[in-house]
2 protein chains.
Amino acid sequence: MDLRKLRYFKVVADEKHIGRAAKVLHISQPPLTRQIHQLEEDLGVTLFNRTPKGMELTDAGRLFREEVNNIFGLIEQATERTQKAGQGRLGRLDIAIFGSGIMGDIPKILLAFKERYPEVNVVLHTMDKGEQINALRQKRISLGFNRMLAPLPDISSELVTTEKLLLAINSNHPLAALPEIPFTEISDIPLILFPSSNRPNFIDKTIRLCQLSGFTPHISQEVGDAVTGVALVASGFGACLVPQSATVLSLPGVVYKPLIDTPDEAEVDLSCIFRKEDESPLLKAFLEILIGYRTEKSQ
Amino acid sequence: MDLRKLRYFKVVADEKHIGRAAKVLHISQPPLTRQIHQLEEDLGVTLFNRTPKGMELTDAGRLFREEVNNIFGLIEQATERTQKAGQGRLGRLDIAIFGSGIMGDIPKILLAFKERYPEVNVVLHTMDKGEQINALRQKRISLGFNRMLAPLPDISSELVTTEKLLLAINSNHPLAALPEIPFTEISDIPLILFPSSNRPNFIDKTIRLCQLSGFTPHISQEVGDAVTGVALVASGFGACLVPQSATVLSLPGVVYKPLIDTPDEAEVDLSCIFRKEDESPLLKAFLEILIGYRTEKSQ
DNA sequence: TAATTTAATACCTTAAAAGTATTGAGATGG
DNA sequence: CCATCTCAATACTTTTAAGGTATTAAATTA
């Protein structure tokens, strides 16, 4: 069986005439006759009744014509879908986010991607940093969003955004009256820090920042993520350093205050990570959207 | 695009290794390498990631593998169905029957056919003789059952059965008391005859039979079919000559009596007709069943 | 009956797939 | 770190099969 024969068959069936069909196919009549004969022999079925007027499909031939149309339809669909997949316009992209990553830039990027590539099925998984790296290596995900990434030989990363740090503080606290809070004031406040796992993390960074400013922070509580941290601020546990994106969490009794006189590094970056050797067009497409989003934002 | 390439692709995808795949395909490695390259070029999509360990499907390649499996499945189905159709085991067979043809042998033959060829869709049409011949010529049907057929150049026929004639008579009639009725007794009885159309028909035959026995029948009424005829017998219109198969109609007040001392031709044949040049395997299959039924019955 | 039209056959040419030998690139192991 | 091994890829030749030209055979039509 051979697609050439099927193509030829279709034309002969349409034209009901070997000579005319040969013209349509831009070949001469004898090879076409032969191909049709071979097709009939392959199938063991007479597809045409030969008449002195031309060729007429048999019942079996008529059925076969339908089937052949289905086959070509399926082949066309297969090529189209495969080409889309090859361009990263079709498929499934597994992405990991972290606890409070639903806020800020990530949903905007995801939205931009889904709009540009509507046929890509984006599946989100919530994982912390360590889980993300495992999942990447096991190819359970293709991409992870996270902060504070240590370099790894098999994992690449791409910066998404850097955010200034704000202080989430209870509105009853005296410092909440100031429009901006000098960084060293933090030394006197019990701090809620997160996340509690996967060093190096934001906790380490905070401690270093304090040391740069010449004090050791008073750690009130370590929690898993920003949401929990801000909730504790509302309950009066202390203050919490959060990235700007966390300010979408508006809880009663919590205000977000800009910091002044901070060390230069008083900002935190959000990056995405992926396998260094991942050549997938889906990933490439996603990173393009990401970079597009980043440059658009910086303008 | 070429089925050979798809076949090769499948094996390489399974083996993840050009050399092994080439062995499986009983060809050498270089042509296989080339075919895979050509396939990728045709599609414009990289289907495999080449590693020093072998070949690994890309996402697009994985999708394409699924599609290729579907394509081969469809091709297999197409060949099977076409072969069945070529053997008359699949398709549609349009058959005409006449008014009272639902009785007797025809349903038995249809049943035998459907049992032997369950995938053939038998479609029944009720037509009189003239309509059947038209429909045959226009290929709206492939087969018609009828009686009293005059030979035609483009129509062949095959005898189904011959049936003795019986007299359907009202049970109140004096003759109904006899176990058998001498044929000449008919001359005194008003006769109901059928069918009223498409000469030569059963009416002509009856008149000829009477003349052979030396009398002219007293025609009470011409009706369309046996069912109507027997119904009129029940109402006392007269008697009606019917083929044996009509005796399945048991109406109150009607008895069926064998005839004695009849002319030799006092029987009627049931035949089926079809286009002389019809080579359809479906028709051939049906005629085989028909002949099988006939020989079985004659034993 | 001759002419025409159809598919089929015989024979040759061309294109493409398969084979052989070899290369090049990347990993592995002493 | 170099030799070796194992892949896929390339260069070139052979074989196979598809395509072309010329002709035939059969059947219909003028």
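Keep in mind that what you see is a predicted model, and the values were worked out from it rather than measured.
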Side chain of [X] - closest among [options]:
{"X": "His17(B)", "options": "dC7(D), dT10(D), dG20(D)", "result": "dC7(D)"}
{"X": "Lys5(B)", "options": "dA17(C), dA18(C), dT21(D)", "result": "dA17(C)"}
{"X": "Thr33(B)", "options": "dA9(D), dA8(C), dA17(C)", "result": "dA9(D)"}
{"X": "Pro30(B)", "options": "dT20(C), dA8(D), dG20(D)", "result": "dT20(C)"}

For atom [atom1] of [X] and atom [atom2] of [N], their distance in whole Å:
{"X": "Leu32(A)", "N": "dG20(D)", "atom1": "CG", "atom2": "P", "value": "10 Å"}
{"X": "Ile27(A)", "N": "dA15(C)", "atom1": "CD1", "atom2": "P", "value": "15 Å"}
{"X": "His37(A)", "N": "dA7(C)", "atom1": "NE2", "atom2": "C1'", "value": "8 Å"}
{"X": "Lys23(A)", "N": "dG19(D)", "atom1": "NZ", "atom2": "P", "value": "17 Å"}
{"X": "Ile18(A)", "N": "dG20(D)", "atom1": "CD1", "atom2": "P", "value": "14 Å"}
{"X": "Leu3(A)", "N": "dA18(D)", "atom1": "CG", "atom2": "P", "value": "13 Å"}
{"X": "Arg4(B)", "N": "dT16(D)", "atom1": "CZ", "atom2": "P", "value": "13 Å"}
{"X": "Leu6(A)", "N": "dA18(D)", "atom1": "CG", "atom2": "P", "value": "13 Å"}

Residue mapping more 5' on DNA chain C - nearest nucleotide basis, Pro52(A) or Tyr8(B)
Pro52(A)

When you measure from the side-chain N and O atoms of [X] to the phosphate of [N], is any distance below 4.0 Å, counting only OP1 and OP2?
{"X": "Gln38(A)", "N": "dA18(D)", "value": "yes"}
{"X": "Lys53(B)", "N": "dT28(C)", "value": "yes"}
{"X": "Gln35(A)", "N": "dG19(D)", "value": "yes"}

Salt-bridge criterion met for [X] and [Y] (N-O under 4.0 Å):
{"X": "Glu279(B)", "Y": "Arg50(A)", "result": "no"}
{"X": "Asp269(A)", "Y": "Arg147(A)", "result": "no"}
{"X": "Lys23(A)", "Y": "Glu15(A)", "result": "no"}

Flag if over 12 foreign heavy atoms under 6.0 Å of CD, Glu277(A)
yes

Above 12 or not: heavy atoms from other molecules or residues under 6.0 Å from NZ of Lys284(A)?
no

With distance as the sole criterion, do the side chain of Arg34(A) and the base of dG20(D) form a donor-acceptor contact below 3.5 Å?
yes

